[in-house]
Amino acid sequence: MLNLIVATQAEADPVISELKLRKISSSLICYQNDDVHLVITGIGKCNTATACGWLANKTIQTDATNHTHVVWMNFGIAGHLDADIGSCFRAHKITDLATKKVWFPHPLINNFPSLDLITVDQPLLQYRTDQLHDMEASAFVEAARKFSNAELVQSLKVVSDNSDHPLEVVNAKLTTRLIADNLETIISFLWALKSLSGTVVAPENTIAKTIKEHWHFSVSQKVLLERLLQRHNVLLGPLGDIPDALNDVKSSKEVLAWLQKTVDSADCNL
Amino acid sequence: MIDTIYIENEIRNHPRTLQICERFPKATTIFCDRYTSVFNSNSQNFRLQKKNPALILARKHHKHVLPTPPGYGIGSDRNYYFSHMLNCLYDCRYCFLQGMYRSANYLVFVNYEDFFDQITATTAESTEDTWFFSGYDCDSLAMEPVTGFMGEALNHFESIENAHLEIRTKSTQIRSLLNREAIPNCVVAFSFSPERPSQALEHGVPSIAKRINAMRKLQHHGWKTGLRLDPIIHSQSVQRDYADLLDEIFQSVQAEHIHSVSYGMFRLPKPFFRKMVRMYPEEKLFSMPLTEHDSQVSFGDKAEETSLAIVDAEIRKYIDKQNIFPCK
């Protein structure tokens with residue numbers, strides 16, 4: 001699953017169109033397809049953090065134990081003292097100017113151009129040397145990391161203004177064009193993250209649900225059941241259905257005992 | 001190999017920092033106040049980071065030398081370890097580092113002199129021999145071309161009486177050792193697992209044949225060498241596996257010039273094991289019938305006893321009893 005956090009409609013439009021996202025009826029402006037959710041947050045840290053919490057609540061089921069593989073990406077425009085207009089960077093260090101908090105998004109994708117990014121509360125008239133400037137990334141990274149692995153929380157920025165091309169001349173049309181010009185880069189970064197996130201997804205154990213419906217398990221028994229089924233998957237392959245040996249079994253305790261015996265007697269040579 | 005280097009502001013102009021960065025001219029450098037803000041931050045996933053680990057250069061302020069855990073040693077009563085680097089180039093699935101650290105980034109402390117000073121001070125506390133083990137939190141030699149640490153450590157050890165160094169490794173990066181005279185108070189100890197567990201679990205590690213060849217070259221050059229058979233993975237074929245492994249090793253390596261052999265079973269602290277299972281739920285090793293006892297996960301007393309007895313007997317075919325050290 002991919003959760004995209006974007007400040008303005010103008011920044012989001014090219015991606016919405018490319019991924020064929022549909023607008024849904026909700027309290028925040030949200031677009032989605034089967035795999036991707038995109039929220040338009042509005043400018044600023046408070047809007048961004050709120051949207052992250054809202055989207056997490058919407059996309060992560062309350063009983064889900066394995067949601068840390070969800071990719072969270074923030075993209076949009078940013079200012080820089082002298083970087084070329086239209087150049088695209090990953091934020092490799094995000095500093096919140098107000099709180100001085102710092103985050104270091106991991107370089108998960110090899111050799112992608114990256115820069116420091118500083119998040120400000122008010123637009124700056126003069127940029128610091130060699131840093132991107134935006135108004136959302138620190139809130140995004142702080143909030144989204146509560147819901148996923150830190151490596152899967154990334155921010156991409158396209159330079160929209162610099163000392164030769166001030167912020168005042170940046171309008172919605174230009175913003176959309178800058179994102180559209182970098183669409184291929186943004187989308188391929190997104191798919192690369194999604195592909196890597198697959199390495200940390202635990203295989204779904206559908207039989208666990210069926211077994212839990214047949215017998216009553218306490219909380220600690222459920223943990224043990226999941227672990228035994230996981231071991232069964234690895235050592236003997238997945239259980240397709242409730243095995244015949246459990247047909248006459250009355251209690252969860254007996255189910256666990258049977259599973260324990262089965263996996264412990266499996267061939268364990270590497 | 002390294003495309004990102006984090007550097008603590010305090011050591012950004014340290015000669016070793018500059019030297020190491022020179023080796024990676026295309027790498028992006030990112031400055032931080034303390035390495036902990038990168039290495040210890042929350043919600044990191046070791047498995048994901050292992051896809052593209054970054055290098056962190058930092059200064060270690062305290063505890064450069066620490067006593068080894070009980071039962072760790074090769075005959076001396078005074079045993080210490082030090083780690084100029086945290087994390088390893090290799091990706092061995094049984095390794096406790098995956099369970100211990102939040103980050104898979106390679107952390108190198110550039111203030112080598114502080115390690116050496118503390119080694120000298122610790123040695124001076126007693127007239128007895130003191131052993132220092134390197135390779136506890138990293139592979140001692142795998143990053144040697146980058147760090148040059150061991151080269152400098154050997155110069156230091158050469159000058160202190162009563163101090164002995166074990167360089168534990170799975171690496172074949174032995175050029176720095178072959179380019180100098182061997183010193184008598186250093187043992188280069190190679191870790192091995194038999195072919196099958198090695199293939200299944202030791203990802204990115206040089207082949208057994210290459211490690212044996214490196215060991216042979218070092219022996220030929222006059223270095224004392226050691227064998228480390230740790231961790232032993234219990235299996236039905238443990239006798240045949242270790243017989244084959246030792247046969248292969250001692251066809252090339254001279255048993256009479258082996259300083260020591262140590263061995264120990266696969267064991268992990270419970271929290272480390274649980275974290276590793278969460279990271280690698282599909283890993284066969286973690287699905288084997290392991291038991292939990294005294295906060296440790298292991299194959300259990302009976303399996304351990306069987307495997308240890310078998311491996312011990314196999315080693316004794318080549319090595320005198322007094323040079324064999326079970327790691328408890």
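Just so we're on the same page: letters track the sequence lines, and every chain starts at 1. Side-chain atoms are counted along with the backbone in the values below, which use heavy atoms only and exclude waters and symmetry mates.
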Write down the atom of [X], the atom of [Y], and the distance for their closest heavy-atom approach.
X	Y	value
A/N269	B/R196	CB-NH1, 3.6 Å
B/L48	A/L152	CD1-CG, 3.8 Å
A/Q230	B/S287	O-OG, 4.4 Å
A/V234	B/P281	CG2-O, 3.3 Å
B/Y6	A/F104	CE2-CD2, 3.7 Å

Distance check, rounded to the nearest 0.5 Å: A/L270 atom CG versus B/I233 atom CD1? 6.5 Å
Output the distance between atom NE2 (A/H106) and atom CG (B/N45), rounded to the nearest 0.5 Å. 10.0 Å
Are more than 12 heavy atoms from other residues, nucleotides or ligands located less than 6.0 Å from atom [atom1] of [X]?
X	atom1	value
B/R34	CZ	yes
B/N9	CG	yes
B/E292	CD	yes
B/H293	NE2	no
B/K26	NZ	no
B/Q296	CD	yes
B/K210	NZ	no

Is a side-chain N or O of [X] found less than 3.5 angstrom from the main chain of [Y], in a donor-acceptor match?
X	Y	answer
B/S43	A/R145	yes
B/N52	A/P107	yes
A/H92	B/T28	no
B/K51	A/T199	no
B/D3	A/N111	yes

List the steps, then state whether side-chain contact (heavy atoms from CB on, under 4.5 Å) holds for B/K284 with A/L235. CA-CA 7 Å; B/K284 200 170 182 186; A/L235 299 173; 3.8 Å; yes
Is chain A contacted by the side chain of [X], its backbone, both, or neither, given a heavy-atom distance below 4.5 Å?
X	answer
B/S37	both
B/A54	both
B/N42	backbone
B/F286	both

Given A/I109, A/V102, A/N110, the one with more heavy-atom pairs under 4.5 angstrom with chain B than any other is A/N110
Tell me, out of B/L290, B/L285, B/D33, B/V277, who's got the most heavy-atom pairs with chain A below 4.5 Å. B/V277
What part of A/L196 gets closer than 4.5 Å to chain B, counting heavy atoms only: side chain, backbone, both or neither? both
Does any backbone or side-chain atom of A/N233 lie under 4.5 Å from a heavy atom of chain B? Answer side chain, backbone, both or neither. neither
Determine whether the side chains of B/Q49 and A/E151 contain a donor N or O and an acceptor N or O closer than 3.5 Å. yes
